[in-house]
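Notes to accompany the following structure.
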Amino acid sequence: MTSRRPAELIPVTVPGWGPGGGPGAAWLHRDARLPRALDAAAVLSPFDPVVWDRARALRLFGFHYRIEIYTPEPKRVFGYYSLPILLGDTLVGRVDLKNDRQAGVLRVQAAWAEADAPADTAERLAPVLRATALWQGLGAIAVAPRGTLAPALAALLA
């Protein structure tokens, strides 16, 4: 006699996604629970699972993400190596960072907020950048005046 275990993944419906089983199918682990609160503040790698699948990031977050390393400089929109900014459960912007080891400076080459980013995005991102500089052994942060988020970041990190 064999015992039947309940399925580990349960199909779920997400408004705006395709029919179950087809493109846009969504699944939930049977033990998953919605957290009471999610207060993340992070700069993500381009290889983070949240943004690795670009089409999924666009579908889930409305976040069109491309690394512009191979884009000629005059055609770049967000910067050479822009990194997504995650606040809570939302992608709210992107920041192009450079570790200038010789000068001991974390350089914010550009900082952009998405149109619907919360008003406190710069305030929540500044401590993340301070921690990043500390982790990298850098003594300062310099913010270039490029991007919609740059002025607020520069004021906070001056």
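Counting heavy atoms from C-beta on, the side chains of W112 and V95 never come closer than 4.5 Å. Side chains of V43 and L86 form no contact here, defined as non-hydrogen atoms less than 4.5 Å apart. V105 has its side chain out of reach of I141: every pair of non-hydrogen atoms, C-beta onward, lies at least 4.5 Å apart. Between V50 and L91 there is a side-chain heavy-atom pair separated by less than 4.5 Å.
In this structure, CD1 in I85 is found 4.5 Å from CG in L125, a value given to the nearest 0.5 Å. For the atom pair CG of D100 and CG of L106, the computed distance is 9.5 Å after rounding to the nearest 0.5 Å. Atom-to-atom distance recorded for D48:CG and Y65:OH is 9.5 Å, nearest 0.5 angstrom. Rounding to the nearest 0.5 Å places CD of E123 at 10.5 Å from CG of L87. Atom CG of L44 and atom CZ of R94 lie 11.5 Å apart (nearest 0.5 Å). The distance from atom CZ of R107 to atom CG of N99, rounded to the nearest 0.5 Å, is 10.0 Å.
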**Item:** R66 vs R54, side chain to side chain contact (heavy atoms under 4.5 Å, CB included): CA-CA, chis, key distance, verdict
**Value:** CA-CA 8 Å; R66 298 289 180 263; R54 307 301 192 237; 3.2 Å; yes
**From CA spacing to verdict: side chain to side chain contact (heavy atoms under 4.5 Å, CB included), I69, Y81** = CA-CA 6 Å; I69 294 171; Y81 202 75; 3.2 Å; yes
**Prompt:** When you look at H64 and V77, which way does the side chain to side chain contact (heavy atoms under 4.5 Å, CB included) test go after all the steps?
**Reply:** CA-CA 12 Å; H64 182 267; V77 177; over 6 Å; no
**Item:** side chain to side chain contact (heavy atoms under 4.5 Å, CB included) between R130 and L157, worked out
**Value:** CA-CA 8 Å; R130 285 188 190 103; L157 296 169; 3.8 Å; yes
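Under the 3.5 Å distance criterion, the side-chain polar atoms of D39 are left unmatched by any main-chain donor or acceptor of G88. Side chain of R56 to main chain of P49: a donor-acceptor pair is present (N/O by atom type, distance under 3.5 Å, no hydrogens or angles). Using modelled atom types, one side-chain atom of S45 and one backbone atom of F47 make a donor-acceptor pair closer than 3.5 Å.
In summary, of the residues considered (V128, T121, D120), a side chain to side chain contact (heavy atoms under 4.5 Å, CB included) with R124 occurs for D120 alone.
I67 is not connected to L58 by any chain of hydrophobic side-chain contacts under 4.5 Å among Ile, Leu, Val, Met, Phe, Trp and Tyr, and they are in different clusters. Each of W135 and V108 belongs to its own hydrophobic cluster when Ile, Leu, Val, Met, Phe, Trp and Tyr are linked at side-chain heavy-atom distances under 4.5 angstrom. L138 and L83 fall within a single hydrophobic cluster, where Ile, Leu, Val, Met, Phe, Trp and Tyr are joined by side-chain heavy atoms under 4.5 Å apart, directly or via other members. A single hydrophobic cluster is seen to contain both F63 and L60, as judged by linkage of ILVMFWY side chains at heavy-atom distances under 4.5 Å, directly or through other members.
Salt bridge E68/K75: absent, no basic N to carboxylate O contact under 4.0 Å.
In the displayed structure, Y80 atom OH is contacted under 6.0 Å by at most 12 heavy atoms of other residues, nucleotides or ligands.
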